[in-house]
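One structure below.
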Amino acid sequence: MAFWKPGTVAPGSLVDREAEKDSEAAIVTFSDAKYSTMTMSEQRKQLPVYKHRTEILYLLENYQVVVLVGQTGSGKTTQIPQYLHESGWTAGGRVVACTQPRRVAATTVAQRVAEEMHVNLGMEVGYTIRFEDCTDPGGKTRIKYMTDGMLFREALMDPLLSQYSVIMLDEAHERTLYTDILMGVLKKILKKRPDLRIIVSSATLDAEAFAAFFSTNRDPKDKSKDNTAILSVQGRMYPVDVHYLAEPTSNYIETAIQTVFDIHTKEPAGDILVFMTGRDEIEEVVSEIRERATTLPPNKYAEILALPIYAGLPTEEQMLVFEPVEKGARKVVVATNVAEASVTIPGIGFVIDSGFVKIRAYNPQTGMESLTTTTISQASADQRSGRAGRIRNGKAYRLYTRESFEQEMRPASVPEIQRSNLAGMVLQLKALGIENVLRFDFMTSPPAEMMSKALELLYSLKALDNYGRLTIPFGMRLAEFPLDPMLGKILLDSQAFGCSQEMLTIAAMVSVQNIFVNATSPAAEEQHRRFGVLEGDHITLLNVYAAFITRGKKSSKWCANHLINFKAMSRALSIRSHLERYLVKTLGLTGPSQLPSCLGADGSRVNDPNEATVKIRKCLVSGYFAQAAKIAPDGTHWISALEARPKGARALSYSPTKLWMHPTSILFKQTPQWVIFHEVVETGKGKAYMREVSAIEPEWLGELAPHFYVLNKQL
DNA sequence: TGAATCCAT
């Protein structure tokens, strides 16, 4: 059976593919080098998805949207794009895209597929992630792995995504912000491009919902009008025995530790993975296990090795969890949610699940994000348990009752789009020509209040006009910038302030996390202070960066000496150079040398330093004016400047806000009267901490944002 | 006066 691909003149034929197989098999006998060729192709056929190859291709002929329910280990991500390529979907210069929620996934999967196809990565098979385009500039790339956010951005350049014949939205059940928006955008594109095909790869739970979202069939009785189909593919997973607590625990940390020792003393070999919510808990569990392990009779039980893993941990320490332990010893990895989907630790036979996770949620009333410990969803619980069944039969110990799982946990987590700051996304939708964003077809709509808040901010940044239309050229330029709108505005305005070089550095530095290694230690604080200035964190970061490229010669040794995270600095360097390229292009300049600086090229202050820091901080105010605060009378905290706005000019939904200086800020022990800040994080204890803070003069708010702080005498 | 789930552009 041959398949016809809409819009193609050269359908692939099974004859060709049979010939390929023959030649491969024939060559095998000649050399060991080619032997690996056969094993790779044999390996491909062993994957569960291979059995569904014909069916997948058939469905794609007949349905615009195929929802693929595929469990872990089915091989869908690496194989389906290859099947499409082999059967002609990439003929005529067209491309098959496969989106991933994470950068690492996009790069590693592309690497693997390039190996399977015996091509160089970046040619027939490539990937695109932010700031890294590993595809063929000559247009030879046929299979493209990319982050979901990148595909969304590509729609800005080409609203019909015309080069793609098939787009596979992988891991759609994770419901990331960009996957969700892409679904709405693709639904619109499908109306104009009947030749386009979409594969939505999802977990069992929401397959019907995805299909219903894309369905254009208004007549459920007439199946011939269906444009969507659902297909299930088995995974390669071993069964996992799930155990619940008989009674709820009041202390899951202690219960987790006890369960570790129960497993260790009663169960056969196999490493243990423990899910906790954050660094503090992880360190506590790890040190308790280490301590109690010393009391076990050494000749009776194997050695037990407890290791932490979380995103903020330095890379070298993270790597330890992937190393095999000595024979006979048992590894206990205590992890945050990184181990649920982002990181796979080999050799896990047992999972202990606290049932909790920290999630970030945006509060439109205060414009702040909070970080709170929440009960996980049933889908998360199953995903966590599944981590025990990757090598052989496993066991999962859930530190909650079956009743709690069935009655208290929601089936799936709240989609990201319902708990995010939507300003950047709304701006990009406007740039895509979607004027009425409130009526955009979302798979799950965000709360109306979050949309209003986003529109209000964009209006105050002058990216939207009185009618809610994108302003030209400013709003359009801002939308094209791959940054948060407030940060984007300071870069676009930096030319007028004469400090573009400095703002590029600052924007890059606030975009990476954990510049200081182990920032809470006294030694790290001391190093931090060496770069510190009273103007605040932004200029301190500028000093760190300048020292890194001049005195530090971009070396890892210098970083180690100053307790600075080398990986973070390298990333900042790369982000900066990309932002620089964008800024040069957006401003219509010929090269980076045309971008003004208020300091010397090497970061030393050749001009009046005071004048320079004023320029930089004023420029920050031009983008961050909505995030300003004034010190409280008792000097212990700050009050959001929104409080100082006249009633009529206050945010639609406004509540007065106390803000605290984050202990990692260089201004922690200082009392600047007025500040602006990059972000606020509200912790579980209900305290809102400002991060990346700079001292400002209140007059600047009136001068640079008169439309925002209307006639305010209090400033 | 004291603190960091995790991604993405």
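Every heavy atom of this structure was used, including side-chain atoms; hydrogens, water molecules and symmetry mates were not. Chain letters run A, B, ... following the sequence lines, proteins first and then strands; every chain starts at 1.
Note: CZ (A:Arg571) to C1' (B:dC7) measures 11 Å, nearest angstrom. The separation between A:Phe356 atom CZ and B:dT5 atom P is 15 Å, rounded to whole Å.
Note: A:His662 and A:Phe668 fail the aromatic proximity criterion, with ring centroids not under 6.0 Å apart.
For B:dT9, the OP1/OP2 oxygens have a side-chain nitrogen or oxygen of A:Thr147 closer than 4.0 Å. The side chain of A:Tyr178 contributes no N or O atom lying less than 4.0 Å from OP1 or OP2 of B:dA8. Contact check, A:Lys687 against B:dG2: a side-chain N or O comes under 4.0 Å of OP1 or OP2. The phosphate of B:dT5 (OP1 or OP2) has no side-chain N or O of A:Thr373 nearer than 4.0 angstrom.
Not counting sequence neighbours, the partners of A:Phe442 by the ring pair (Phe, Tyr, Trp, His ring centres under 6.0 Å) test are A:Phe440. The salt bridge (Lys or Arg N to Asp or Glu O under 4.0 Å) check on A:Asp537 picks up nothing, with sequence neighbours excluded. Qualifying salt bridge (Lys or Arg N to Asp or Glu O under 4.0 Å) partners for A:Asp353, counting only residues two or more places apart in sequence or in other chains: A:Arg384. A:Arg130 pairs by the salt bridge (Lys or Arg N to Asp or Glu O under 4.0 Å) definition with nothing, not counting sequence neighbours.
Side-chain atoms of A:Arg153 stay outside donor-acceptor range of the base of B:dT9, with no qualifying N/O pair under 3.5 Å.
Among pairs with a residue in residues 100-110 of chain A, those fulfilling side chain to side chain donor-acceptor pair (under 3.5 Å) read A:Gln100-A:Asp170, A:Arg102-A:Glu174, at least two apart in sequence or across chains.
For the segment residues 475-487 of chain A, the set of residues with a heavy atom within less than 4.0 Å of an atom of DNA chain B comprises A:Pro482, A:Leu483, in numerical order.
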